[in-house]
Amino acid sequence: MELQNEKSLNFIEQIIETDLENGKNGNRVLTRFPPEPNGYLHIGHAKSICLNFGLGIKYNGQTNLRFDDTNPVKEDEEYVDSIIEDVKWLGFNWDGEIRYASDYFEQLYQWAVQMIKEGKAYVDDQPSELISQQRGTPQKPGDESPYRNRTIEENLDLFEQMRSGKFQNGERVLRAKVDMASPNMQMRDPVMYRIMHAHHHRTGDQWCIYPMYDYAHGQSDYIENITHSICTLEFENHRPLYNWFLDQVANGDRPQQIEFARLNLNYTVMSKRKLLELVKDNYVNGWDDPRMPTISGLRRRGYTPESIRNFADRIGVAKRDNVIEFGLLEFMVREHLNKIADRVMAVINPLKITLTNYPDGVTEDIELVNNPEDPNSQSRKLPFSKHLFIEQDDFMIDPPKKYFRLSPGSEVRLKGAYIIRCDEYRTDENGKVTELLCTYDPDTRSGAGESRKVKGTLHWVSADHCIDAEVRLYDRLFTHEAPDSDKDHDFKEFLNPNSLQVLANCKLEPGLKEAAIGTKFQFQRIGYFCVDKDSTAEMPVFNRTVTLKDSWSNSTN
RNA sequence: UGACCCAUGGUGUAAUGGUAACACAUCUGAUUUUGGUUCAGACAUUCAAGGUUCGAGUCCUUGUGGGUCAACCA
């Protein structure tokens, strides 16, 4: 960690280092990642995870994983499991056991009773609409509830009855007695407890009153001895309330809430509600659909934990609203995959070619390095024969200038093998090219010494030896840079109809038959791909993680 | 018409009162048996006006622009 000294500190690190210099919190650093288990984690959470756990590591501290499970009707164990998996996969370890806000329900209740006794909380009998009206507006102060000055005894009794199930949902709430005239809306006697006769995924039917976020969160931080409670900007207005609740119970060290700007990525949506909508209404195939910005989606797409951590590091941490270009995420995964992914031959839109002067029935072994970027890389042998497949894009009848690939009469090298010339092409009734007849130059085999140069090098597979595979090409999920920014159009109107393209007739080099699920490859000249979980022994399925950078198609567009 | 927060190249982030920099993107060129990688280069930045100071992106004031807040959500 010493090496990080060269790098400048973000504003949260500066706060922590100042605290450390001042001996605050007994020189401890304890952060927490507090997801609500009401959906799958997305790349925005990854930023928060990397921040919180990263701080724990950097300052020799720890980070807790705590589920903020105070709203049983929205939460589910499926989400708990997925969140645990995603945090682990990103490569982080939390301190001790997993925590749950629901573990603290009894303590929270006792503190609420104490607050009632001190005249700091009261039971309100009014329905939510009325309470809402009395709250006033940002410009106009609120009005006090007629129940605000009940006796402590009455409050105690009513709160006890709330807990014991005497009331229906919505009949009573417990409110903090703060200040109905505060210019900060959060301070206008916020609700602390509401009645919910609902089954909780951990506490079952033990409770029918549940604490609200503002009350539960800060107290949970305090219970866990959190030093720095990092959250996103929209909680900035809540900080005085966070501190007010702490004032009621805290002795000694207390957590400090610090807000940072959440991640926004263009061409996608990041709200859990909207992501849930895409899943529920089948606009995508589940939370881990490779087009989703969820961590599980990125994982299935072929992203590596390293690339996501590097991304989080690169985008930085600050307080100003930001929209990161999706291309940066793609850069990060290319950068990592370039180093670790073996290169393989894969023809995704096959075009048959026959080498008319190559002997029938002969197979040669072509040796290729698996990854030229990796000094320790092994090589493998590929079969080469008279009948081959190349990419349809690699042949044009009437090519533009500076087209380095095949066209009638032109020459290219087949990577690792020979230089070939296209003599003839055949088309079907629609004019589509169906086959090329080529001749090879036997003197140009790779590694056979001095040979003449050609501009283009193509990837290929032997038609007699290749395997069939399905390849799924993904494009951005939305056509709009900011799909949820348009007030007149629902974000789903900007869904990209071409975000998934399935190619069912792809031809791959034989060694790919046994590739394990999740294995990452570079399909030479095409992009990075990984083996999808839908693969079967008969039909492997590959997901395109990202294309290779392509300055040719960029310049022609 | 309140409170709180924010403002640096196209994007994001630095510069901690002392030469405005790094990455991505874009564009050149070199290398290359991947139109990849690598290498070299180019482009382009302090919201405005006042003030403090020898010196301001940084501190102060005002303005402008943007964000957040009126769930028994988190």
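Protein chains get the first letters and strands the later ones, always in sequence-line order, with residue 1 at the start of each.
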(message) Considering every strand and a 4.0 Å limit on heavy-atom distances, what is the contact class for A:Ile315: base, sugar-phosphate, or nothing?
(response) sugar-phosphate
(message) From CG of A:Asp313 over to P of B:C24, roughly how many Å is that when rounded to an integer?
(response) 14 Å
(message) From C-beta outward on A:Lys415, which listed nucleotide comes closest to its side chain: B:C5, B:U33, B:C24?
(response) B:U33
(message) Restricting to non-hydrogen atoms, name the atom on A:Asp68 and the atom on A:Pro37 that form the minimum distance, rounded to 0.1 Å.
(response) O-CD, 4.0 Å
(message) Counting only side-chain heavy atoms from C-beta out, which of B:A15, B:G10, B:C72 sits nearest to A:Glu325?
(response) B:G10
(message) For a quick test of reading the model: is some side-chain N or O of A:Arg320 closer than 4.0 Å to OP1 or OP2 of B:U13?
(response) yes
(message) Is it the case that the base of B:G35 and the side chain of A:Arg525 share a donor-acceptor contact (distance under 3.5 Å, atom types as modelled)?
(response) no
(request) Scan A:Arg188 against the nucleic acid and name what it touches under 4.0 Å (heavy atoms): base, sugar-phosphate only, or nothing. (result) nothing
(message) Ignoring hydrogens and geometry beyond distance, is the side chain of A:Glu373 in donor-acceptor contact with the base of B:U38 at under 3.5 Å?
(response) no
(message) Is there, by distance only and without an angle test, a donor paired with an acceptor across the side chain of A:Asn237 and the base of B:U68 below 3.5 Å?
(response) yes
(request) Would you mind classifying the nucleic acid contact of A:Val191 as base, sugar-phosphate or nothing, using non-hydrogen atoms under 4.0 angstrom? (result) sugar-phosphate
(message) Just to be sure I understand the rule, does A:Pro127 reach a base, reach only the sugar-phosphate, or reach nothing, if contact means heavy atoms closer than 4.0 Å?
(response) base
(message) Counting only side-chain nitrogens and oxygens, does A:Ser8 get under 4.0 Å of the OP1 or OP2 atom of B:U16?
(response) no
(request) Could you work out which one of B:U33, B:A14, B:A71 sits closest to the side chain of A:Asn10? (result) B:A14
(request) Can you figure out which of B:G67, B:A15, B:C24 approaches the side chain of A:Asp321 most closely? (result) B:G67
(request) May I ask you to verify if any side-chain N or O of A:Thr457 is less than 4.0 angstrom from the OP1 or OP2 atom of B:U32? (result) no
(request) Answer with base, sugar-phosphate or nothing: what part of the nucleic acid does A:Gln524 contact at a heavy-atom distance below 4.0 Å? (result) base
(request) May I ask you to verify if any side-chain N or O of A:Arg262 is less than 4.0 angstrom from the OP1 or OP2 atom of B:C5? (result) no
(request) Output the single nucleotide from B:C6, B:U34, B:C73 whose closest atom is nearest the side chain of A:Glu36. (result) B:C73
(request) Could you check whether A:Met332 gets within reach of a base, just the sugar-phosphate, or nothing at all, counting any heavy atom under 4.0 Å? (result) nothing
(request) Side chain of A:Thr70 only, please: which of B:C24, B:A74, B:A14 is the nearest? (result) B:A74
(request) Taking only Lys NZ, Arg NE, NH1 and NH2, and the carboxylate oxygens of Asp or Glu, determine whether A:Glu13 and A:Lys58 approach each other closer than 4.0 Å. (result) yes
(message) Under 4.0 Å between a side-chain nitrogen and a carboxylate oxygen: does that hold for A:Lys272 and A:Glu36?
(response) no
(message) Is it the case that the base of B:U1 and the side chain of A:Gln139 share a donor-acceptor contact (distance under 3.5 Å, atom types as modelled)?
(response) yes
(message) Assess whether a salt bridge exists between A:Glu411 and A:Arg452, defined as any Lys/Arg side-chain N lying under 4.0 Å from an Asp/Glu carboxylate O.
(response) yes
(message) Tell me whether A:Arg405 is salt-bridged to A:Asp393, with the criterion being a basic N under 4.0 Å from an acidic carboxylate O.
(response) no
(request) Could you check if the base of B:A14 is syn or anti? Syn means the glycosidic torsion is within 90 degrees of 0. (result) anti
(request) In plain terms, say whether A:Arg273 and A:Asp484 are close enough for a salt bridge, that is, a side-chain N and a carboxylate O under 4.0 Å apart. (result) no
(request) Assess whether one donor atom and one acceptor atom, taken from the side chain of A:Ser446 and the base of B:U33, lie less than 3.5 Å apart. (result) yes
(message) For B:A74 and A:Lys74 - does any side-chain N or O of the residue sit under 4.0 Å from the phosphate oxygens OP1/OP2?
(response) no
(request) From the options B:C72, B:A14, B:G36, select the nucleotide whose nearest atom is closest to the side chain of A:Ala318. (result) B:A14
(message) From C-beta outward on A:Thr137, which listed nucleotide comes closest to its side chain: B:U33, B:C73, B:A70?
(response) B:A70
